[in-house]
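Have a look at the structure below before the remarks.
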Amino acid sequence: MNVILLGAPGSGKGTQASRLQAALGLAHVASGDLFRYNLNNETELGMIAKSYMDRGELVPDDLTVKMVLKRMAQPDVLGGLLLDGFPRTVPQAEALDSALTDIGQQVDGVIHLYVDPDVLVERVGGRVICRKCQRPFHSINNPFITCPTNECHGEYLYHREDDHPDTVRKRIETYNAQTAPLVERYRARGLLVSISGDQEIDQVTEAMLTAANKFGG
Ligand code: AMP
């Protein structure tokens with residue numbers, strides 16, 4: 001099963017992806033995490049991506065598609081894929097379709113998380129990320145209490161540079177201009193389920209699991 005998570009920055013994609021991945025046994029592929037990995041390791045791709053990320057803009061499609069398809073070629077993805085943050089543009093969605101067609105697969109479902117724009121800015125403001133496992137936490141809504149996988153004591157938590165309110169506003173604008181059109185695209189194909197991300201975290205997970213269990217069936 002190949003599932004896409006669509007949603008603006010702060011909609012809860014990352015938090016929910018870790019939960020869904022475990023419950024559904026899918027490989028979690030997050031394009032933002034792949035860029036941050038490259039950035040932390042100071043690769044050439046990371047250095048190029050940084051300038052776009054710092055401005056709240058999208059990294060060009062050719063670089064993004066190449067990076068994600070390389071990740072998708074790894075064996076753990078064969079059992080199914082949970083895509084988080086990709087595709088974000090129409091050309092990326094087309095590249096994904098054609099890569100899946102080449103291996104006799106397809107997108108089985110798309111979960112769209114929607115949240116009021118004011119709530120998005122507030123949520124991202126309180127967000128911290130674990131540098132080790134990439135899981136997001138929130139100072140109020142989802143505080144770090146213990147590590148879900150018992151690997152640390154919170155010593156790797158950090159604020160993403162691009163979570164500054166001005167950059168977040170720009171990222172939301174970018175989402176509305178370049179990514180929101182994908183909502184209609186997948187709706188027209190009968191693949192889309194929209195879920196309010198403005199509920200308790202557990203309720204959102206439950207609604208997403210119910211939706212995912214109907215995909216491909
Ligand atoms: P995220 O962690 O998903 O919020 O992504 C952080 C940043 O990485 C974005 O603001 C973009 O600059 C870049 N990025 C992540 N995914 C993509 C993508 N699919 N296409 C282009 N840029 C991306």
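Bear in mind the structure is a predicted one, so any value in this text is a computation, not a measurement. Remember, it's 1-based here, ligands and their atoms both numbered in the order they're listed.
- Rounding to the nearest 0.5 angstrom, the gap separating the CD atom in Gln92 from the CG atom in Asp97 is 12.0 Å.
- Exactly one residue among Val107, Asp102, Ile103 makes a side-chain contact (heavy atoms from CB on, under 4.5 Å) with Gln105. That residue is Ile103.
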* To do: Applying side chain to side chain contact (heavy atoms under 4.5 Å, CB included), run through Ile129 and Gln134 and close with a yes or a no.
  => CA-CA 6 Å; Ile129 310 279; Gln134 308 295 332; 4.3 Å; yes
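- No side-chain donor-acceptor contact under 3.5 Å links Asn40 and Glu42.
- The environment of CD in Glu44 is sparse: at most 12 heavy-atom neighbours from other residues, nucleotides or ligands sit within 6.0 Å.
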Return a table of N or O atom pairs, ligand 1 on one side and protein on the other, at distances under 3.5 Å, rounded to 0.1 Å.
residue: ligand 1; atom: 2 (O); partner: Arg36; partner atom: NH1; Å: 2.9
residue: ligand 1; atom: 2 (O); partner: Arg36; partner atom: NH2; Å: 2.9
residue: ligand 1; atom: 2 (O); partner: Arg160; partner atom: NH1; Å: 3.2
residue: ligand 1; atom: 2 (O); partner: Arg160; partner atom: NH2; Å: 3.4
residue: ligand 1; atom: 3 (O); partner: Arg88; partner atom: NH1; Å: 3.0
residue: ligand 1; atom: 3 (O); partner: Arg88; partner atom: NH2; Å: 3.1
residue: ligand 1; atom: 4 (O); partner: Arg88; partner atom: NH2; Å: 3.4
residue: ligand 1; atom: 4 (O); partner: Arg160; partner atom: NH2; Å: 3.1
residue: ligand 1; atom: 4 (O); partner: Arg171; partner atom: NH2; Å: 3.2
residue: ligand 1; atom: 12 (O); partner: Glu57; partner atom: O; Å: 2.6
residue: ligand 1; atom: 16 (N); partner: Ser31; partner atom: OG; Å: 2.8
residue: ligand 1; atom: 16 (N); partner: Arg88; partner atom: NH1; Å: 2.9
residue: ligand 1; atom: 19 (N); partner: Gly85; partner atom: O; Å: 2.9
residue: ligand 1; atom: 19 (N); partner: Gln92; partner atom: OE1; Å: 3.0
residue: ligand 1; atom: 20 (N); partner: Gln92; partner atom: NE2; Å: 2.9
residue: ligand 1; atom: 22 (N); partner: Val59; partner atom: N; Å: 3.0

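- Exactly one residue among Thr89, Leu6, Ile4 makes a side-chain contact (heavy atoms from CB on, under 4.5 Å) with Leu182. That residue is Leu6.
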